[in-house]
Amino acid sequence: GKKIELGHLHPLTLAQKKAIEIFSSMGFETAEGPELETEYYNFDALNFLKNHPSRDMHDTFWTKDGRLMRTHTSNAQIHYMENNKPPFRIIAPGRVFRYEATDATHECQFYQLEGLMVGEKITFANLKAVMETFLREFFGSKDIEIRLRPSYFPFVEPGVEIDMKFKGEWMEMGGAGMVHPNVLNSVKLDPRRWKGFAFGM
């Protein structure tokens, strides 16, 4: 009979698999968190103020019982830090949900990959080195140039946008920064001893 053609992996699956392999080669473990989450793990433990606009109904999918569909995979970082002792390095790839109007550049469901490294001597230089290594491996080019632009995210201080030069143009690749002391305090880690960086793409 006719040979059955096998299907192909989705481009998002291939991209996630490649990213996991690259980070694994740098010693990162893959962590997971629930897609249906509590306000504590999605916002409170990550230093989002009670009146932060991302908590509003027009940005977040809330359920009738007061839970929500996670708006980022940072919730996995909090779950992991509660159950593991540093030093550690993890990535948290997965699906996230935002109450967005769908158009050419926005979707209410999309994929993120976030990362976290915590230790006693972690610095911004470590963050930059990890991001450069990842982007060069992912895009298969040693000529990739990155820059870090100051930005604000509640869970890091200082925070930056990571830009990559692509065909002569700067393109935003994600956000990052040094883990905010309030986030470390929320998981009972002493911020005077432990330092870390986090990133999301």
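Heavy atoms only: backbone and side chains are in, while hydrogens, waters and symmetry mates are out.
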Exercise. What pairs with Phe28 under ring pair (Phe, Tyr, Trp, His ring centres under 6.0 Å), at least two apart in sequence or on another chain?
Worked result: Phe23

Problem set entry | Transitive ILVMFWY side-chain link Phe155 to Phe199, under 4.5 Å | no

For this session: Look at the side chain of Lys195 and the backbone N and O of Thr123, then say whether any donor-acceptor pair between them is shorter than 3.5 Å.
Result: no

Problem set entry | Contacts of His8 that satisfy side-chain contact (heavy atoms from CB on, under 4.5 Å) - sequence neighbours left out | none

Exercise. Nearest 0.5 Å, what's the CZ-OG1 distance between Phe43 and Thr38?
Worked result: 10.5 Å

For this session: List for me each residue that meets side chain to side chain donor-acceptor pair (under 3.5 Å) alongside Glu145, sequence neighbours excluded, and say none if there are none.
Result: none

Problem set entry | Pair listing, salt bridge (charged side-chain N to carboxylate O under 4.0 Å, His left out) test, anchored in residues 103-120, at least two apart | Glu120-Arg193

Problem set entry | N/O donor-acceptor pair under 3.5 Å between Asn47 side chain and Val183 backbone | no

For this session: Quick one: list whatever passes salt bridge (Lys or Arg N to Asp or Glu O under 4.0 Å) with Lys128, sequence neighbours left out.
Result: Glu132

Residues 157-165 side chain polar contacts: donor-acceptor under 3.5 Å, at least two apart:
{"unit_1": "Glu161", "atom_1": "OE2", "unit_2": "Ser151", "atom_2": "OG", "d": "3.3"}
{"unit_1": "Asp163", "atom_1": "OD1", "unit_2": "Arg149", "atom_2": "NH2", "d": "3.1"}
{"unit_1": "Asp163", "atom_1": "OD2", "unit_2": "Arg147", "atom_2": "NE", "d": "2.9"}
{"unit_1": "Asp163", "atom_1": "OD2", "unit_2": "Arg147", "atom_2": "NH2", "d": "3.3"}
{"unit_1": "Asp163", "atom_1": "OD2", "unit_2": "Arg149", "atom_2": "NE", "d": "2.4"}
{"unit_1": "Asp163", "atom_1": "OD2", "unit_2": "Arg149", "atom_2": "NH2", "d": "3.4"}

Seminar exercise, completed: Note: with side-chain heavy atoms under 4.5 Å as the link, the other cluster members for Leu9 come out as Leu14

For this session: Would you check if the side chain of Asn185 reaches a backbone N or O of Pro191 as a donor-acceptor pair within less than 3.5 Å?
Result: no

Seminar exercise, completed: Residue set satisfying side chain to side chain donor-acceptor pair (under 3.5 Å) with Glu29, at least two apart, ordered chain then number -> Tyr80

Problem set entry | Distance, nearest 0.5 Å, that separates CD1 of Ile20 from OG1 of Thr30 | 4.5 Å

Exercise. How would you list, by chain and number, every residue that makes a salt bridge (Lys or Arg N to Asp or Glu O under 4.0 Å) with Asp143, sequence neighbours excluded?
Worked result: none

Exercise. Once you round to the nearest 0.5 Å, how far does CG of Leu148 lie from CE of Met131?
Worked result: 9.5 Å

For this session: Determine the sole option in Asn182, Val179, Ile78 for which the side chain to side chain contact (heavy atoms under 4.5 Å, CB included) test with Leu46 is passed.
Result: Ile78

Problem set entry | Which residues share a ring pair (Phe, Tyr, Trp, His ring centres under 6.0 Å) with His79, sequence neighbours left out | Tyr41

For this session: Assess the side chains of Thr71 and Asn42: does a donor N or O sit below 3.5 Å from an acceptor N or O?
Result: yes

Problem set entry | Ring centroid separation Phe48 to His72 under 6.0 Å | yes

For this session: Could you pull out all residues at least two apart from Glu169 that satisfy salt bridge (Lys or Arg N to Asp or Glu O under 4.0 Å)?
Result: none

For this session: Check salt bridge (Lys or Arg N to Asp or Glu O under 4.0 Å) between Glu35 and all other residues, then give those that pass, not counting sequence neighbours.
Result: Arg95

